[in-house]
Amino acid sequence: MSQKNRLQSGGRIDRSKPLTFTYNGKQLEGFAGDTLASALLANGVDLVGRSFKYSRPRGIVAAGAEEPNAIMQLGATEATQVPNVRATQQELFSGLVAGSTNGWPNVEMDLMGLVGKIGGKMMPPGFYYKTFMYPQSMWETYEKVIRQAAGLGRSPKEYDPDIYDKMNQHCDVMVVGAGPAGLMAALTAARGGARVIIADEQNEFGGSLLSSKETVDGKAAAAWVASVTKELEANENVLVLPRSTVNGYHDHNFLTIHQRMTEHLADRAPNGQVRARYHRVRAKWVVLATGAHERPLVFANNDVPGVMLAGAVSTYINRYGVVPGNELVLMTTNDNAYRTALDWHDAGRKVQAIVDTRKNPTGPLVEAARERGITVMAGSAVIDVQGSKRVSGVSVASISEDGSKVTGSVKKLSADTVASSGGWSPVVHLSCHTGSRPQWNDEIIGFVPGATVQKQLTAGAINGNFTTSGALEQGKQAGADALEKLGLKAADVAVPATVEIKESKPMALFHIPHTKPTSQAPKQFVDYQNDVTASGIELACREGFESIEHVKRYTAMGFGTDQGKLGNINGMAIAAKFLNQSIPETGTTIFRPNYTPITFGAIAGRDCKELFDPERYTAMHKWHLEHGAKFEDVGQWKRPWYFPKAGESMQEALNRECLATRESVGILDASTLGKIDIQGKDAREFLGRVYSNAWAKLPVGKCRYGLMLKEDGMVFDDGVTSCLGENHFLMTTTSGGAATVLTWLELYHQTEWPELEVYFTSVTDHWSTMTISGPNSRKLLEELTDADVSKEGFPYMDWKPMTVAGVPARVFRISFTGELSFEINVQANYGLHVWEKLFEHGAKYDLTPYGTETMHILRAEKGFIIAGQDTDGSVHPYDLGMGWAVSMNKPFSFIGKRGMKREDCVRSDRKQLVGLKTIDPNIVLPEGAQGVFDPTAPIPMPMVGHVTSSYWSANLGRSIAMGFVKGGLDKMGEKVYYPLVDGRIVEAEICSPIFLDPKGERQNV
Amino acid sequence: MFLIYCPHCGEYREEEEFQNRGQAHIARPLDPDSCTDEEWGNYMFFRKNPKGLHHELWVHAAGCRKFFNVTRNTATYEIKEVYKIGEQPKVVA
Amino acid sequence: MQQYSGFGLLKHSLSHHENWQRVWRNPTPKKKYDVIIVGGGGHGLATAYYLAKQFGVTNVAVIEKGYLGGGNTARNTTIVRSNYLWDEAAHLYEHAMKLWEGLSQDLNYNVMFSQRGCLNLGHTLQDMRDIERRVNANRLNGIDGEVLDAKQVQEIVPALDCSENARYPVIGASWQPRAGIARHDAVAWGFARGADMHGVDLIQQTEVVDFIIEDGTVVGVKTDRYGDIKADRVGCVVAGHSGVMAAKAGFELPLESHPLQALVSEPIKPILDTVVMSNHVHGYASQSDKGDLVIGAGIDSYLGYGQRGSYSTIEHTIQAIVEMFPIFSRVRMNRQWGGIVDTCPDACPIISETPVKNLFFNCGWGTGGFKATPGSGNVFAASLAKGEMHELAKPFSMFRFHNGALIDEHGAAGVAH
């Protein structure tokens, strides 16, 4: 049989379903129900990785989330690679391809290990802070080597073929963990009528009971688990989530659950299925029944493959039918771990000795071991391990009663497996996530959850109650407490009977002494993944890193992918001992989400690509696509940027669009402009307060341009507002600023001036807006309406309701191009119809669609600003030369008035917006170029302002630009210089920003 | 992540529906033009920024779009009360 | 005084590393100091270091309520760059950049300053205008910078999706080659060690519970462990807790303390060589020497002293990362955490005199304090030594929020973090 460590019977695997998988290029077999780790152990694979710093051979230590060594690269194809999968949590499937992540050229024959052996002594914690400094220029070279050695697995280089989804959940009680405590809590809460979610990270419920030989309720523990699970699954108020890790516990009882939907089936989700699902849960009450992790003991060479957690060894035997070796030495500080020796013995393999650190171990489990003829070496410890790629023997010696030193002579025992247990650490991770600090409990030798403001209950081993009966009892109690707090009636649940084995007091021991002082002893590992040793922690303390946070950071303890689940408490204990403090004095360790790592894809869910942010289209979007528009992202909108014809360059297209508009007629889809409908008897007063100019006398039927300022006087948006009725206005905003402006109006209305009767409604999407602009625009409009649109009948800055192309419309005679313009607004559903009618009739005028870029050029020719391009939150209206849009005499001190009078805002040398004409008319200044008065000044060269807008104007046959210049409004005709990135210095003359038709005659026809 | 009771909707809703707008009860001076630069600067920028109880302005942006006040502990993130604009807090430091 | 070097490591390895000296002493404070620095983070320690080393003021104590470098210094995403828009900010950050270059040698402590360059991506035409504006300003201010197009960006960062398929395709980027990352803890420890060597007392686990103010002048501090300690001048460098400390001194600051979160992936083999930041898509990432992808999340909108923020903020950040780097979809997020950042309305710091004489504040660094650490400490030290603000610090007075002379890096710069 190839699976040399597999037992003939027993365990929860299905021997009728063999599975073939590949590990480091070799084909191996396991069974359904195996994890990758149990299958590897069954096949006698000792070596699963190399350590990060010293490149030491490492084997599987644990059987769950706390595993530090068996970190694999998974994936049969490039696109389905997953780095850093814990083999202990990956269920085996047929065709699984895994490899170890470290080791060069491979994990078996690792040359870096040589470096570790030779250089290891020179690599204490923080060695890199003390060297690689000289010469300064060499650091980058050193760093390259360091970086190459870093990292575990690798990122795929191709895109993820899988998809992930999310669900929002609400429940009365969220039970975390489905061991005995969690199951009882869920059962009790469910029977009481609560809406319950119970989640567990494993593929089946049961927790510790899955690898236990105990009976519950007079039957095998697993049978009891099955019956409870069945009842929960049948209850429609209960959501049962196996393979689901509760990864984060956030404020106000918000939790995240990562449910692995298909990761146990293949490395790519079967067609139509998601790889993982993320549950975002809001729970009224949370029951943490997260159990405990076994603490290994820290002793010399405790990282040689074959050194494992005692509980993990039992799990492999009882749950997976795998005995991971032949000769076991068990070292323990407690009775509990004796079970491992019994399991090993009962599986038919040899237990060399139980090495108990306590002087006089007694009790039923100790007796059971002795009855089986197992040697119990009391008051002793495994102080060293022999072997390199697998344990070959151990050194055992008697130790002092407090465990601080070796007292007797050293005996060698042969062994290939060392199981160790230093007791159990409650899994307090989730309770820490919300800022609660764990509390040290001397009685149980571990941290338990501290005080919290969350609606949180705890049950079982997380409280330090490590017995099954205790877990069941506390689980029931937590469920009952939740029911009571929820105001639900108590449930009828009996705590099932168990057979309790009495255990005597464990010993508080973490670090096993050696005959040599720690600094000289062989390496005693605390954190395997980061190669943190006991001597490293002592060195950190010796150097003054005395806070546990300093120790962690200096040594990197707990920063691995296991996040210190195995080593942190031991590390704290070692630091405490060295500093002659208690563990709580040394500090606590705070765990943060995630409990175990989760792929970014699973957290991102579907919210990428087109769903990353909604795309907004106007009603004419389809037409734009059909007519070859290039698009620009403006806010969430896709706006046509320009409409190139076949073979046209961008500049050629712009020239054509600009000329057509000035000479005949052009059309712009302006639907994206923000539109806010404002009504109420105080609407006019309100406008006067939020705009810098006057609104008191704007008659019905008229439009007016306004600047909106912040309290500091700086421009933040602009637009035209029209008076639709005495108490009714339509405000327009920039395309990107609509939502901000609406909130701004509501803020002031609701918090400052609630006495004003005014109502705001966003109507941006309700209307399609198309602007026809150019000398032929009136003729075109006349063909589609019966209304009087003559100069006299429809003057500039008026608006009128009328019918256009058979559709009710609001038409505004406003102009952003300086040409005769009509802005036609129709209900959005009719937008495309009217647009197409305009083209039908406009063909004879060569009606030319133009996009945002031509709009920008045309308005720049007229010196009109674009808020956000020509403003940046640091300029007020006077800086823009727009004092005409400020009415200082309004009775109400409008928003921004006081701000722009502050000392710094009235300086005469502020940067002011002016026109810029390059001396060479063919040079178009780059937008963003920085101006200087003296281009010969040394660097840093005093800058006087930047170019905000700059274009080639086909109409003027030259370049035009706008930009800020210090004191520019008083410097007309003076020169300013633009040193460019390419070394050129462009000379320009300061001028009025109105390049075309300064009297506004073109629009007034 | 907060679960916030909107006093206008009468419901607990997710934080993502709301926007925080900073310290509450900052009244715009009634006569800005008579304020000194210092007074105006204080109104615009200077804030209590307490560690502990904080009265703050929120808006149910993806809901009823109403502004309201929240008393929240900025250290523990507990929400102690919500109350409408114009009302005074009952829970004070 | 022990010098660090490769030879030293070899020597100590022969004695099993048993003879390394303490990196800093653990002194009992004196009754009086020339200068007390409240806050033993990176900025406070740098201030103490330069006070003692460069300005000869050695009778200095740094009082830290927790452990050295335990606040935002230990919680940031370690990015160092100086490509700020406005002159005042650019000069300050470039001053810091020049100190970064050579800091390891100056401190005799390897802070692993790694100049692997920083890209600030542009996704809209306005982004690109802002980038042009900033890069032009940087160059005339003597700061390295280039504007790259999407193709050049792709060459520098193969992992980035520069295709048209992105929701907001990359149009280009600004590129500062001298920018990079550093080892954050080492910066605090290096400055602490340097300060201690020059005689500064570093007092840990001691909280300043109040200032002693007589006739509008600060004359010392009250501590929880050592009672009153006198000082001629007090510099307060407590980041997120600046508002709390200002309240003790009787004034308010234009600051709000917000949660700022960050996260790391599991360590993976080198795949991201530079710092990549996108303000539009709201994601930024670099890869540490250990192999972790270090990712900064957005700032939460509410006040928060809990060193944690909202999950949705993390979620949005990760969406941005997967949007920018689709190949990271199957890489795993390991851990997230939060800091408390004190943000100013104009996204620039306060290095300033205060309404209390001889009491100075250095705060308001918001999301961008780490990169300024040596520069901030240097100009603050100069100011504390002379009792008047250093030239580079003058524009950062808290009183700019009264007269209106803000340095608005929010505006066109589009550079947070």
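Residue numbers start from 1 in every chain, and the chains themselves are labelled A, B, ... in the order their sequence lines are given, proteins ahead of strands. Remember, predicted model here, so these are calculated numbers, not experimental data. Just the heavy atoms: all of them, side chains too, but no hydrogens, waters or symmetry mates, feed the values below.
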(Q) I'd like to know which of A/H550, A/M943, A/H250 tops the heavy-atom pair count under 4.5 Å against chain C. (A) A/H550
Q: For this output row, return yes or no: ring centroids of A/F545 and C/W189 closer than 6.0 angstrom.
A: yes
**Q.** Where A/G601 and C/V322 come nearest, the two heavy atoms and their spacing
**A.** N-CG2, 4.3 Å
[X], part contacting chain A, at a heavy-atom distance under 4.5 Å:
X      : answer
C/R116 : side chain
C/I271 : side chain
C/L263 : side chain
C/V111 : neither
C/E146 : neither
C/R139 : both

Q) Under the side-chain hydrogen bond (donor to acceptor under 3.5 Å, both in side chains) criterion, do C/N141 and C/H91 qualify, and how do the steps go? A) CA-CA 7 Å; C/N141 271 324; C/H91 292 152; 3.0 Å; yes
Q: Examine A/R147 relative to A/W139 and say whether NZ or CZ is less than 6.0 Å from the centre of the six-membered ring and inside a 45° cone about the ring axis.
A: no
Q.
Is the positively charged end of C/R193 above the ring of A/Y129, judged by distance under 6.0 angstrom from the centroid and angle within 45° of the axis?
A. no
Q | Contact origin within A/Y554 toward chain C - heavy atom pairs under 4.5 Å | A | both
**Q.** Contact origin within A/N247 toward chain C - heavy atom pairs under 4.5 Å
**A.** neither
Q. Should A/R553 and A/E549 count as an ion pair when the cut-off is N to O under 4.0 Å?
A. yes
Q.
When you measure from the side chain of A/T131 to the backbone of A/Y128, do you find a donor-acceptor pair of N or O atoms at a distance under 3.5 Å?
A. no
